[in-house]
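In this chain, numbering begins with 1 at the start of the sequence shown.
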Amino acid sequence: MGSLALSRVAAQDPAPTIADEVARLARQELAPIAAAVDAGSVYPGEFLRRLGKVGAWSSHVPQEGPADLRWAIQSMAALGEVCGATAFMAWCQNTLVWYVANSTNMKLAARFGDCFARGRALGGTGLSNPMKSFFGIERLKLKGRKVDGGYIVRGALPWVSNLGPGHYFGTIFEREDEGTKGEPGGIASGELGSTVMFLADCSDPAITLTPCKPFLAMDGTGTYGVQFRDVFVPDELILAEPAAPFVKKIRAGFILLQAGMGLGLMKDCINIMDEVHAPLGHVNRYLPQQPLQFRELHAEFEKEAMALASDPYNADDSYWRRVVALRLRIGDASVAFAHAAMLHCGARGYLMSHRAQRRLREAYFVAIVTPATKQLRKMLADG
């Protein structure tokens, strides 16, 4: 894992062993199916559950207040070095755990916390549309109204990943019975009404999962369009009300956890360049970007990610801007690393059987998944 592997000095902390085990499983069990996951013929549900059993989804759960995301990012990087799609699903699962771990709904936390953290139930995050809405890009697509014991929710989300029968995901609706008064202390622009964050249960008959059209890459990620047809959401499934202050608390973790996808992908792009050095180094040396430069940049990203991930509840504005800036740089760099790997491979990388072209397709996903490059730039520009 290079510099991403944290010091073993703190021998009482078992997390490095978890990351090592994730890396071993990725090499032995994930590598043979990575192409199939990319093509969409395999959804690696059993592998994701196996990762939960070795602690991959629990290392970032807050302990008596503080939280530390470094081990989760380390494990996701190990997955991302082998398969970008699975690293993305790992982010989905880790984010779902992050939501529940930060909820003040104790009944919900007791029911789902250990279940999600150990991988007994899988799921994802439906915050693409809400994250865009909180930063003035889209309107919330889900609407809800209060009834006895909960809410009735309607609407549709176009893309939610790591879903399937028996899966869950966290998302947000706007209360249509509250008008458009906004939320005190929220991060919205004031155009939104009161918002509620909740767990959606994919086994609910009023929730319909519709497979998406084929993607450029990563088709085995369990990604669906989700339709809510007057779904009853009981109070027991409410993560936070109002949602905006909760999102402000968990947003740094939401974004930082994505670093693992990019760090792992970039590491393998360096590996690819190294692999073709012997046969092609005599001509590749004329390319303007070389593996040494990428190693230095990768180490820089690792260092910053580890520093930020050790303090995800930091409320300082300068910290938040560092998180956004790092995520932006990782998205841009993922594409640059993968592009360079393709050029170093030459024609052999253009074969469908070579993983260099898969890494390039996966790299574009790192750059466009919410928050996408353009949203991150908007967030920095808006201050």
Is [X] salt-bridged to [Y], going by a charged N under 4.0 Å from an acidic O?
| X | Y | answer |
| --- | --- | --- |
| Lys378 | Asp382 | yes |
| Glu300 | Arg329 | yes |
| Arg120 | Asp114 | yes |
| Asp332 | Arg377 | yes |

Which ILVMFWY residues can you reach from Leu216 by hopping between side chains whose heavy atoms are under 4.5 Å apart?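 None; Leu216 is a cluster of one.
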If you measure only the distance, is there a donor-acceptor pair under 3.5 Å linking the side chains of [X] and [Y]?
| X | Y | value |
| --- | --- | --- |
| Gln74 | Arg70 | no |
| Thr95 | Trp91 | yes |
| Thr208 | Arg229 | yes |
| Asp274 | Asn271 | no |
| Tyr43 | Asn162 | yes |
| Gln258 | Arg327 | yes |

Connected via hydrophobic side-chain network under 4.5 Å: [X] and [Y]:
| X | Y | value |
| --- | --- | --- |
| Leu297 | Leu326 | yes |
| Leu48 | Val42 | yes |
| Val369 | Leu96 | yes |
| Val147 | Phe198 | no |

[atom1]/[X]: more than 12 non-hydrogen atoms of other groups inside 6.0 Å:
| X | atom1 | answer |
| --- | --- | --- |
| Tyr364 | OH | no |
| Trp159 | CH2 | no |
| His354 | NE2 | yes |

Is the cationic atom of Arg118 (NZ for Lys, CZ for Arg) positioned less than 6.0 Å from the six-membered ring centroid of Trp57 and within 45 degrees of its normal?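 So Arg118 doesn't make the cation-pi contact.
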Over-ring placement of Lys146 relative to Tyr151, 6.0 Å and 45° cut-offs: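 Yes; both conditions hold, so Lys146 lies above the ring face of Tyr151.
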Show, in sequence, the C-alpha distance, side-chain angles and deciding distance for Asp201 and Ser203, and conclude whether the side chain to side chain donor-acceptor pair (under 3.5 Å) test is met. CA-CA 5 Å; Asp201 181 354; Ser203 65; 2.6 Å; yes
Considering the options Tyr313, Phe246, Phe116, which one meets the ring-ring contact (aromatic ring centres under 6.0 Å, His included) requirement together with Trp98?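 When ring-ring contact (aromatic ring centres under 6.0 Å, His included) is applied between Trp98 and each of Tyr313, Phe246, Phe116, only Tyr313 qualifies.
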